[in-house]
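Below is one structure, written out as structure tokens; the observations come after it.
Because only heavy atoms are used, hydrogens play no part in the values below, and waters and symmetry mates are left out as well, while side chains stay in. Quick caveat: nothing in here was measured; it's all calculated off a predicted structure.
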Protein chains: 2
Amino acid sequence: MTAIAFPVPDSAILARRDEIVAGLSRLVPPECLVTTENERRAFETDALTAYRRMPLAVVLPRSTAEVSAVLAFCHREGIKVVPRGAGTSLAGGAIPQEDAVVIGVAKLNRILDVDFPNRTMRVEAGVTNLAITGAVAPDGFFYAPDPSSQLACTIAGNIGMNSGGAHCLKYGVTTNNVLGVTMVLVDGTVVEIGGPAMDAPGLDLLGLVIGSEGQLGIVTEATVRILPAPEGARPVLFGFRTSEEAGACVAAIIGAGIIPVAMEFMDKLAIEICEAFANAGYPLDAGALLIIEVEGSEAEMDATLARIVEIARAHGVETIRESKSAMETAAIWKGRKSAFGATGRIADYICMDGTIPTGQLPLVLERMSEIVASHGLRVANVFHAGDGNLHPLILFNCNDPVEQEKAERAGEDILKLCVEVGGCLTGEHGVGIEKRDLMTVQFNPTDLAQQMRVRAVFDEDWLLNPAKVFPLEGRLPIERRPHA
Amino acid sequence: MTAIAFPVPDSAILARRDEIVAGLSRLVPPECLVTTENERRAFETDALTAYRRMPLAVVLPRSTAEVSAVLAFCHREGIKVVPRGAGTSLAGGAIPQEDAVVIGVAKLNRILDVDFPNRTMRVEAGVTNLAITGAVAPDGFFYAPDPSSQLACTIAGNIGMNSGGAHCLKYGVTTNNVLGVTMVLVDGTVVEIGGPAMDAPGLDLLGLVIGSEGQLGIVTEATVRILPAPEGARPVLFGFRTSEEAGACVAAIIGAGIIPVAMEFMDKLAIEICEAFANAGYPLDAGALLIIEVEGSEAEMDATLARIVEIARAHGVETIRESKSAMETAAIWKGRKSAFGATGRIADYICMDGTIPTGQLPLVLERMSEIVASHGLRVANVFHAGDGNLHPLILFNCNDPVEQEKAERAGEDILKLCVEVGGCLTGEHGVGIEKRDLMTVQFNPTDLAQQMRVRAVFDEDWLLNPAKVFPLEGRLPIERRPHA
């Protein structure tokens, strides 16, 4: 990683800024166009705040038709475009570049239709994750993926990154919960992909689009699946002496075929940080904590918990504490979901997002500590253990460039370790700019070339979010044979 | 539909047959090459037996390297290739063409690795669906998707068609249960897509490959997810007076948020046909039957069933019969899974595979009867009701060309109805040749063009299974601009 490179801005585009802004102002009303330096500053970074670039202009269209008009204009003029949800990307997925126009979905925020009999819902792409659940919660339904940023993040961003969350162990991630989208291609063409039925014939372009990080088009509407809320849910705290014991317990629970709705891990430092923030009753004497949530009827929860407790005992659990009230449950989840914010109160951090086969958890936890210690830094671990999705938070001081570089190197070593044990670079945060240059660790040149050739079908000129996902070096000037 | 057209064979290729066979014989040993007319006849059709074409030759490679060598040869020589699993496609997905070489996976039938802690398994692509479960059943695990042809069909074919089955309502279809594949591209390049971890960064090529009907490459190995077998499972028969009542009951169960592991529908004719074959105890006095299976602990099954029974009573159920033994359970499922074969004993049939939003079931069941009756034919309905995946079996006499055409027209009208109510042409059988020319009903030219442009990235010259999925008319001669 170490000082992520941005491409050199295209000076011809920079020189045409006034003309481009004038062109955009013919397509959307003034309240949808952000051009002053002060206002643009709000868009110059996302949740990877160590990096920032001022965009050429920001457009906030109010309809699919406006998105189409703006994209058609940019495509015609050869202007790069950075799509933006709520700007909560931890991987720098929404960081602009100086010669690019940002297209944000903030004004596409209407709920279009709720269809309870078919358990689907149609929303504009700028609706926040939590607002989707909010709209159907009174009727006893919810939208399952629940990123910690769910209060702010949009379904557009969730689709771009294939976002997950604590409760995805049972319910799957975004790609398992979105049934269809309206998407505007780079030249302004509007396509419908997927739909309310379970599957569509032909190629699965929906799966391709979900997780494509704004490189294939801009999604303006989505049909999502909604699920009935469970009868009851109960998080239970399991305190262990060591991270390795807790990791082995997770592997054993999954290996036994039990799938709790959530299984979250915190190490000692994370417990201290989160408890100080949320007063959730986390055991401060434990070396590692698992928050395991079960759901269903009381009898069902009791039966599942009994099996989990038995396995935990065999792995040396020291404390077991069940939530006894809705307030306790809320505090337990508030602590977990605020972990990144709470960590930010005590230090700067970068958050990794590697995923590993759960059987490798004990080994990887041990080697991660060694890696971070070898760089003289501290790490707080808080992550979705059940699906092997790690979130080590490497702490450093961002005013010390040497320490920042050490943190980035430690993060790089951790991600390489994840790939080495059969895992991958990212579980739910996406590649963005953060892991772009590590894609060569995961994929060989043939695999990467095949992905880039598919990308080029949607965006031949690399105008859409072009500095992200694929290493800047070695991008395909695709060979094109004239067609026979 | 009405008399599906095959492309005119390339006479230059036909003239070179001896030379092509000689070339293939240098790549694989004699026992892997099928060339005599008698032996080739076994490969001239699949389960869409109304159509057949004799292939140029059939190759049955024993390794990824041999598949690669054969594909590279065919690509270099411009020879079309039709990939083949077990030849159980109901949509004609594996029907050859005269100027094409069939590459079958029959000899790729080894189980490579079972990893219980991570709940995954690695198999060669010719392993049958049931053999996957067979290998892990002694340890209490299973592979979830269960097409009725599971005794014969291969995981390669399941991946090609994104196959489902009765129990996919709860566990998802192939795309939710395959984690990675080794695939040979048309030019012989071997790529690894996905892997044992839950997700991979970059574009979701795995989702794209699953359901691509042998048009993007040939899969030679797959990593699949295995699941712990439930504590218990119990199918229950619910007899209704009319199909419309049963359909409304299904919609109400799904609308209430209950997800049984399976929810199968049979109308009166299907009940008669299947009961005569399997002696499963289906209620012969009922106008429609639902087989609803619940699973889990006894308490869990009782609780779920109580809610289902309540809804069924509100929809006028007349008979309720629970399976009381493993033998009864086996008979109930044998009857359902043999439905197509049992129907074949009394008449020829074509089997549709449209999918609709479950809320539309009552309406669609009524209109389907009208459609088939208007063509003077009979229909037996037996299908996965829970996920809205219809399988009307239209009965006809295949020795009467007028009746065959009527049957195909009725099928076409039914599929158009499915699309009209917000559903789609195929749930689990694929497009194949059968529904190829109906793709224009589902997709507009822009949507189809985008799919074909993605397809062309993998197979620019349309060599892989070229007569399938996309209408023969209007195929893209893709515009290629020389790269800047």
For the student: nearest non-hydrogen atoms of [X] and [Y], plus distance:
X	Y	value
A:Pro471	A:Asp437	CA-OD1, 3.9 Å
B:Pro201	A:Met439	CB-SD, 3.8 Å
B:Glu300	B:Glu295	OE2-O, 4.2 Å
B:Arg475	B:Met452	CA-SD, 4.0 Å
A:Thr120	A:Leu179	CG2-CD1, 3.5 Å
A:Gly296	A:Pro230	N-CB, 4.3 Å

With respect to chain A, which residue among [options] yields the maximal number of heavy-atom pairs within a distance under 4.5 Å?
options	result
B:Ala256, B:Pro357, B:Gly164, B:Ala251	B:Pro357
B:Ile254, B:Val421, B:Leu425	B:Ile254
B:Ile259, B:Asn162, B:Thr175, B:Val454	B:Val454

Region of [X] in contact with chain B, defined by heavy-atom distances below 4.5 Å:
X	answer
A:Asn444	neither
A:Thr189	side chain
A:Leu206	neither
A:Phe458	both
A:Ile226	neither
A:Val431	side chain
A:Leu216	side chain
A:Val469	side chain
A:Gln451	both

Considering only heavy atoms and a distance below 4.5 Å, find which of [options] pairs most often with chain B.
options	answer
A:Thr446, A:Val209, A:Leu205	A:Leu205
A:Arg455, A:Gln442, A:Glu428, A:Gln450	A:Gln450
A:Gly388, A:Gly207, A:Gly427	A:Gly207
A:Val190, A:Thr358, A:Asp204, A:Leu203	A:Leu203

Chain A heavy atoms under 4.5 Å from B:Asn389: which part of the residue, side chain, backbone, both or neither?
neither
Engaged part of B:Leu185 at the chain A interface, taking heavy atoms whose separation is under 4.5 Å
side chain
Hey, would you say the B:Phe443 and B:Phe470 ring centroids sit under 6.0 Å apart?
no
Closer than 3.5 angstrom, by distance alone: can the side chain of B:Lys435 be matched with the main-chain N or O of B:Gly430 as a donor-acceptor pair?
yes
Please report the interatomic distance CG(A:Leu448) to CZ(A:Arg453), rounded to the nearest 0.5 Å.
13.5 Å
Which word best sums up how the rings of A:Phe116 and A:Phe141 line up, parallel for under 30°, tilted for 30 to 60°, or perpendicular for over 60°?
tilted
Can A:Glu192 and A:Arg122 be said to form a salt bridge (Lys or Arg N to Asp or Glu O under 4.0 Å), step by step?
CA-CA 13 Å; A:Glu192 293 295 329; A:Arg122 183 85 178 163; 3.7 Å; yes
